[in-house]
Amino acid sequence: MLTIYINNTEVQAEEGWTILDAAQFYGLAIPTLCHNPGLSNYGGCRLCLVEIGEGKYTKLVSSCTYPIGEGLVVHTDTKRVLEARRMMIELMLSTAPGSKVIQDLASLYGVKQMRFKIRNEECIYCGLCVRMCEEQMDAKAIGFQNRGFKRKISTPFDERSYECRLCGACMYICPACALRCQGPDADTAVCNACLNLDPTCVEVYDELQCWMYDAGQCGTCVKKPSDAK
Amino acid sequence: MHQIKSPQELREAAAEQKRQREAQQKAVLTVSAGTCGQARGSLDVIESLRKIVKEQSLEDRVEVKLTGCHGFCEAEPNIIIQPQNIFYQHVKPNDAAQIIEDTILNNQIIEKLLYKEPTSGKEAIKEEDISFYTKQNRLVLGDNALIEPTQLNEYFSIGGYLALAQVLEDMEPEEVITSILDAGLRGRGGAGFPTGRKWKLTRTVEADKKYIICNADEGDPGAYMDRSLMEGNPHRVLEGMIIGGYAIGADEGFVYIRDEYPLALKHITRAIEQAEEAGVLGENILGSSFSFKVNIVKGAGAFVCGEETALMRSIEGKVGEPRQRPPFPAVSGLWKRPTNINNVETWANVPLIILRGAQWYSEIGTEGSKGTKIFSLVGKINNTGLVEVPMGITLREIIYDIGGGIPGGKQFKAVQTGGPSGGCLPAEKLDLPIDYESLTQAGSIMGSGGMIVMDEDTCMVDVSKYFLNFLRDESCGKCLSCREGTQRMWEVVSDICDGNGKESDIQLLEELAVAVKDASMCGLGQTAANPVLSTLRYFREEYDAPIKDQRCPAGVCKALISYSIVAENCTGCMACLKACPEGAITGVLKEVHVLNQEKCIKCGACFEVCKFDAIKIE
Ligand SMILES: Cc1cc2nc3c(=O)[nH]c(=O)nc-3n(C[C@H](O)[C@H](O)[C@H](O)COP(=O)(O)O)c2cc1C
Ligand code: FES
């Protein structure tokens, strides 16, 4: 057991935990986006920032990746943390204003302006889908391409990947909906389950149960939507 | 070469080489042939020199030596003639005959090849008379001019591997570390972390295997001191690594070098082979129980792969993206083993400290920064080149005394230090003694030693746009703060340059810059805002002018300037008319020309060719 100090409170934490683990264990809310307990830690979205250290020597770190050590001093909601976090949300919002997840974050943190040019993209490169595909689905069908502002997520050479089993887990976990079904399109690399002859759903589900939220529309269910009624 | 089996045997071999060097009566022509020299044709010079030597059968009187970069790139290709130390610059292949005939055989100086001081116009005959060299203290780089980098014996002749012999013979690993600690050596790759402390940490961690890395990624635009060292003196870097391996308890090392440095790659590869053959590298070095091997890994040139954790991932064959520290490489680095990574220049300092002592070394430099630092002095400066100076020297001394000031009688405006993530310092800071702390306090960084001088014709907003463009491209893209932050800063600054800036943009830039600095995981993002923050701090009016009055004071940003012809000055020489690629200038000989604004693409070609100050930029 290690002793650490979160928001001026002395607490015990287990070796190997991240700051986020410890904070969550003690019921402190730290917003996260690229973090998922079932996947490896990544540290890409920078939402989970906290301030560590004391006096003059403090800095911001992503709590989801920073391992705790004996005597670590953490503050989860200083002015500096909030300012940086708001800027992160504003950056995300300007890039993908259509995402419900990001809109909710903006309203929670009072981000009311988008001072950057709105881009209407659908990806914030949190990498959840990439890790999902590799770590949970064991497929490694998608990955990052390029770096910097040219970064994107796709299959190798943007071609239909035969590693991809069309499981849809990438779409399931996406907070910004980049890979959300756009209907059948032979040119897109990911999924296209609807063009696949093998159905992914044997049953037709209603609006609420269908994980694509559009009962029958993706066209992969065996039964016709009309039969379901 | 046969295997050397003991430190004693090495000492004898080195002493023999030294004796031969001193005893030789030949005139030695050392031709600077690093990548910079070769690009300016030094290989042709060497070829014609050698040809003439052969034709005239002068082999026993003259030796032509192909060395690494001598540092004075402005004067490339240059030759130093020993023993007199005569310095000839801008030598062409057809000068070869005259050099042999006049200087070597008849002891006459060839005036046209002498270097002339840019300020006084005075000619300098010897290397030591040139002001570029007088204020330097070339402890690390100086050897480049003495040896052929591809010959191990040459390195032996100047005391090569003697530090290693000393370490293996009578120093415990801990003593080596203490020596580096006492010397006060700090990392030359950027952050300036005390090298001895890093070594000590890596030594104390228990593990079945440890690694050493030499960071030769050198990604800063305009910086090339690491390349020069690897090309001109690879054995010295290698010796530093071997000593480091012994001190830390590592038995394997990696040199991570970018593939864009083919000559450096060739020389370090050859050096490793030679060192293994000679028994100073490999199994049971110099007959001791210490074994060490070195591998080379070629990088593809991504700037971020110079960051230590990204570099290690790259060596492991993964995508070069930085990861969270801690754990620090000293605890868990390459393949999760304790790893000590240092910069090329840091390694090259190690043999020096061992041989001349920590005490001696720590007397050079300032309180917190010891030794010398190599800077690559580039941009609007008369003497472009690599300069090695003691820490604590002022920027003014580097720029005016060593660099010879600004060409064309222009005014100095700023100096950018520390590469893309460094900052721009104005004229008020010229008397700043440079070390790690002072530069950071002034809003820049030491970085790996890039130093770009800018004159009055430089627009600081444009400069900050340039670096942001570099960074948005070179950010790995993992952290939102860095990927989006650099992109958005670039967008805002570009808008300002295009005349579309808003008054609120400055505040937005400041807010964003702080957030990017605070929120990013690795050094790239944490320093990415420096170009913006430092130009805002020192050159605020250059941001205000385009926003408030749609004006670019330096006359650089195309959207904000127009070219026109000053009728009083125009002689009607037709030079601009011919230079204009768009046919925007019309007129006849000896009459004032007319510039059609509609057709003008603001390329500046007319401005460049006009000899009568008749083109005005507004
Ligand atoms: C974006 C980035 C790029 C870097 N590039 C280099 C480089 O090209 N060469 C280098 O030696 N260090 C570079 N560094 C610093 C290394 O991470 C590391 O600190 C250094 O190699 C340690 O060696 P030193 O202690 O001898 O300086 C870079 C750091 C960052 C954040
Ligand atoms: S949740 Fe920690 S960086 Fe995204």
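In what follows, chains carry the letters A, B, and so on, assigned in the order in which the sequence lines appear, proteins first and then strands, with residues in each chain numbered from 1.
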Checklist line | Residue Q487(B) versus chain A: region with a heavy atom under 4.5 Å | finding: side chain

Notebook entry, point to check: What do you reckon, is CD of Q113(A) surrounded by more than 12 foreign heavy atoms closer than 6.0 Å?
Noted result: yes

Check: Is there a side-chain contact between E484(B) and R119(A) (heavy atoms, below 4.5 Å)?
Finding: yes

Check: So, do R488(B) and T95(A) sit near enough that their side-chain heavy atoms are less than 4.5 Å apart?
Finding: yes

Check: Given that the side chain runs from C-beta out, which part of M88(A) has a heavy atom under 4.5 Å from chain B: side chain, backbone, both or neither?
Finding: both

Check: In residues 7-37 of chain A, which residues are in contact with chain B at a heavy-atom separation under 4.5 Å?
Finding: none

Notebook entry, point to check: Using non-hydrogen atoms only, which part of Q526(B) is less than 4.5 Å away from chain A: side chain, backbone, both, or neither?
Noted result: neither

Next item on the list: Flag the one option from G320(B), S520(B), G485(B) with the top tally of heavy-atom pairs under 4.5 Å to chain A.
Entry: S520(B)

Check: So which of E321(B), R325(B), K502(B), K517(B) has the biggest tally of heavy-atom pairs under 4.5 Å with chain A?
Finding: E321(B)

Check: Taking the side chain from R472(B) and the backbone from G148(A), do they hold a donor-acceptor pair closer than 3.5 Å?
Finding: no

Margin query: Cation-pi check for Y42(A) against K478(B): NZ or CZ below 6.0 Å from the six-membered ring centre and within 45 degrees of the axis, yes or no?
Written below: yes

Item checked: Taking every non-hydrogen atom, the tightest pair across A515(B) and A84(A) -> CB-CA, 4.3 Å

Item checked: Straight-line distance of L49(A) CG to D518(B) CG, nearest 0.5 Å -> 8.0 Å

Notebook entry, point to check: By a 4.5 Å heavy-atom criterion (distance strictly below it), what part of S504(B) contacts chain A: side chain, backbone, both, or neither?
Noted result: neither

Margin query: Please identify, among Y125(A), F116(A), F149(A), F144(A), the residue contributing the most non-hydrogen atom pairs under 4.5 Å to chain B.
Written below: F149(A)

Note to self: Let me confirm one number: the NZ-CZ distance from K150(A) to R483(B), rounded to the nearest 0.5 Å.
What the structure shows: 14.5 Å

Item checked: Option that, when pairs with chain A are counted at under 4.5 Å, heavy atom only, ranks first among V319(B), D495(B), V516(B) -> D495(B)

Next item on the list: Answer with side chain, backbone, both or neither: which region of R115(A) has an atom nearer than 4.5 Å to a non-hydrogen atom of chain B?
Entry: both

Check: What's the shortest heavy-atom distance between R46(A) and L480(B), and which atoms?
Finding: CG-N, 4.1 Å

Item checked: Segment of R151(A) engaging chain B (4.5 angstrom heavy-atom cut-off) -> side chain

Item checked: Gap between atom NZ of K117(A) and atom CD of E491(B) - 0.5 Å precision -> 5.0 Å

Next item on the list: May I ask you to list the residues in residues 53-77 of chain A that approach chain B closer than 4.5 angstrom, counting heavy atoms only, ordered by number?
Entry: L60(A), S62(A), T65(A), Y66(A), P67(A)

Item checked: Residue part contacting chain A, namely of D505(B), when any heavy atom lies under 4.5 Å -> neither

Checklist line | When G143(A), S94(A), C45(A), G44(A) are compared by non-hydrogen pairs under 4.5 Å with chain B, the top option | finding: G44(A)

Next item on the list: Check whether R323(B) gets within reach of chain A through its side chain, its backbone, both or neither, counting any heavy atom under 4.5 Å.
Entry: neither

Notebook entry, point to check: Are any of the side-chain heavy atoms of M87(A) and S481(B) separated by less than 4.5 Å?
Noted result: no

